[in-house]
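Single-structure report; data block below.
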Amino acid sequence: MSLQPGPVGEAQGDLDEAFALTGPWEGAGVEAGAAVYALDAAGRILLQLRDDLPGLAGAGLWAPFGGGVEPGETLREAAAREFEEETGLVVSAASLVPYVRALSARPGRPRLYTYLARLPGPADAIRLGEGAGFALWTPRQVREIALSDALAPASLRLADLVEAGALPPLD
């Protein structure tokens with residue numbers, strides 16, 4: 001699946017064009033989710049193992065931490081809030097780097113916007129607030145795990161960027 005630049009347009013605080021596009025964007029709807037791919041100093045990618053519950057998008061699969069955008073909240077604010085709620089670690093909304101947008105299979109929240117960030121603390125400080133587990137994965141390992149369908153292309157692209165040393169600067 002190729003990545004394409006997105007159309008210009010407001011996306012609750014960020015321009016859509018700031019995010020690479022994975023897959024189709026037709027019928028994206030108005031509701032959005034925001035998520036954070038956090039990386040540690042060794043270039044490992046923090047992912048959440050989603051709960052394996054009936055009807056849950058990405059159930060039993062690996063995905064970045066994130067969730068819904070609340071009324072009056074920007075995408076960055078939502079991503080930072082969700083990351084803190086689900087990991088116990090605080091990441092500054094201003095430090096989040098727009099990464100990829102994609103469509104989700106979840107009814108009611110079809111637009112997914114993802115950000116990149118530096119992991120704001122050690123992995124042993126993470127206090128899981130949602131999901132069945134979490135792990136820091138090397139790029140090679142990311143290619144071998146069961147990834148959430150909606151964000152699998154973004155996760156695999158991130159693994160490639162890490163290996164190539166081509167990440168944007170992360171605060």
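Values reported hereafter were calculated over all heavy atoms of this structure, with side chains retained and with hydrogens, waters and symmetry mates removed.
For the pair Glu70 and Glu73, the tightest heavy-atom approach, listed with the atom from each and the gap, is N-OE1, 2.8 Å. Closest of all the heavy-atom pairs between Gly131 and Asp51 is C-OD1, 3.2 Å. Taking both residues in full, the closest heavy atoms of Val69 and Thr74 are given as CG1-O, 4.2 Å, listed atom of the first, atom of the second, then distance. Between Leu119 and Phe83, the closest heavy-atom pair is CD1-CZ, 4.3 Å. Across Leu147 and Ser155, no two heavy atoms sit closer than the pair CD1-CB, 3.9 Å. Between Leu53 and Ala59, the shortest heavy-atom distance links the atoms O-CB, 3.5 Å.
Leu116 pairs with exactly one of Leu161, Leu158, Val100 by the side-chain contact (heavy atoms from CB on, under 4.5 Å) rule, that one being Leu158. Applying the side-chain contact (heavy atoms from CB on, under 4.5 Å) test between Phe65 and each of Val91, Leu128, Leu89 identifies Leu128 as the sole match. When the options Glu77, Glu85, Glu84 are evaluated for a side chain to side chain donor-acceptor pair (under 3.5 Å) with Arg81, the one that passes is Glu85.
Residues Phe19 and Tyr115 place their aromatic rings such that the two centres sit under 6.0 Å apart.
For the atom pair CG of Leu112 and CZ of Arg101, the computed distance is 12.0 Å after rounding to the nearest 0.5 Å.
Note on Leu39 and Val90: separate hydrophobic clusters, where clusters join Ile, Leu, Val, Met, Phe, Trp and Tyr whose side-chain heavy atoms are under 4.5 Å apart, directly or indirectly. Residues Leu61 and Leu47 do not share a hydrophobic cluster, clusters being chains of Ile/Leu/Val/Met/Phe/Trp/Tyr side chains in contact below 4.5 Å.
Side-chain contact between Val36 and Leu96: present, with at least one pair of heavy atoms (C-beta onward) separated by less than 4.5 Å. Looking at Gln141 and Arg143, their side chains never come closer than 4.5 Å, going by heavy atoms from C-beta outward. Inter-residue side-chain proximity for Leu151 and Pro64 is flagged as met; some heavy-atom pair is nearer than 4.5 Å.
Although no hydrogens or angles enter the test, the distance criterion places a donor-acceptor pair under 3.5 Å between the side chain of Arg118 and the main chain of Asp40. Side-chain atoms of Glu82 do not come within 3.5 Å of backbone N or O of Ala34 as any donor-acceptor pair.
Residues satisfying the ring pair (Phe, Tyr, Trp, His ring centres under 6.0 Å) test with Tyr99, not counting sequence neighbours, are Tyr37.
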Item to complete: Please assess Glu31 against Arg111 for the test side-chain contact (heavy atoms from CB on, under 4.5 Å), listing each intermediate value before the final yes or no.
Response: CA-CA 6 Å; Glu31 298 300 320; Arg111 297 182 302 151; over 6 Å; no
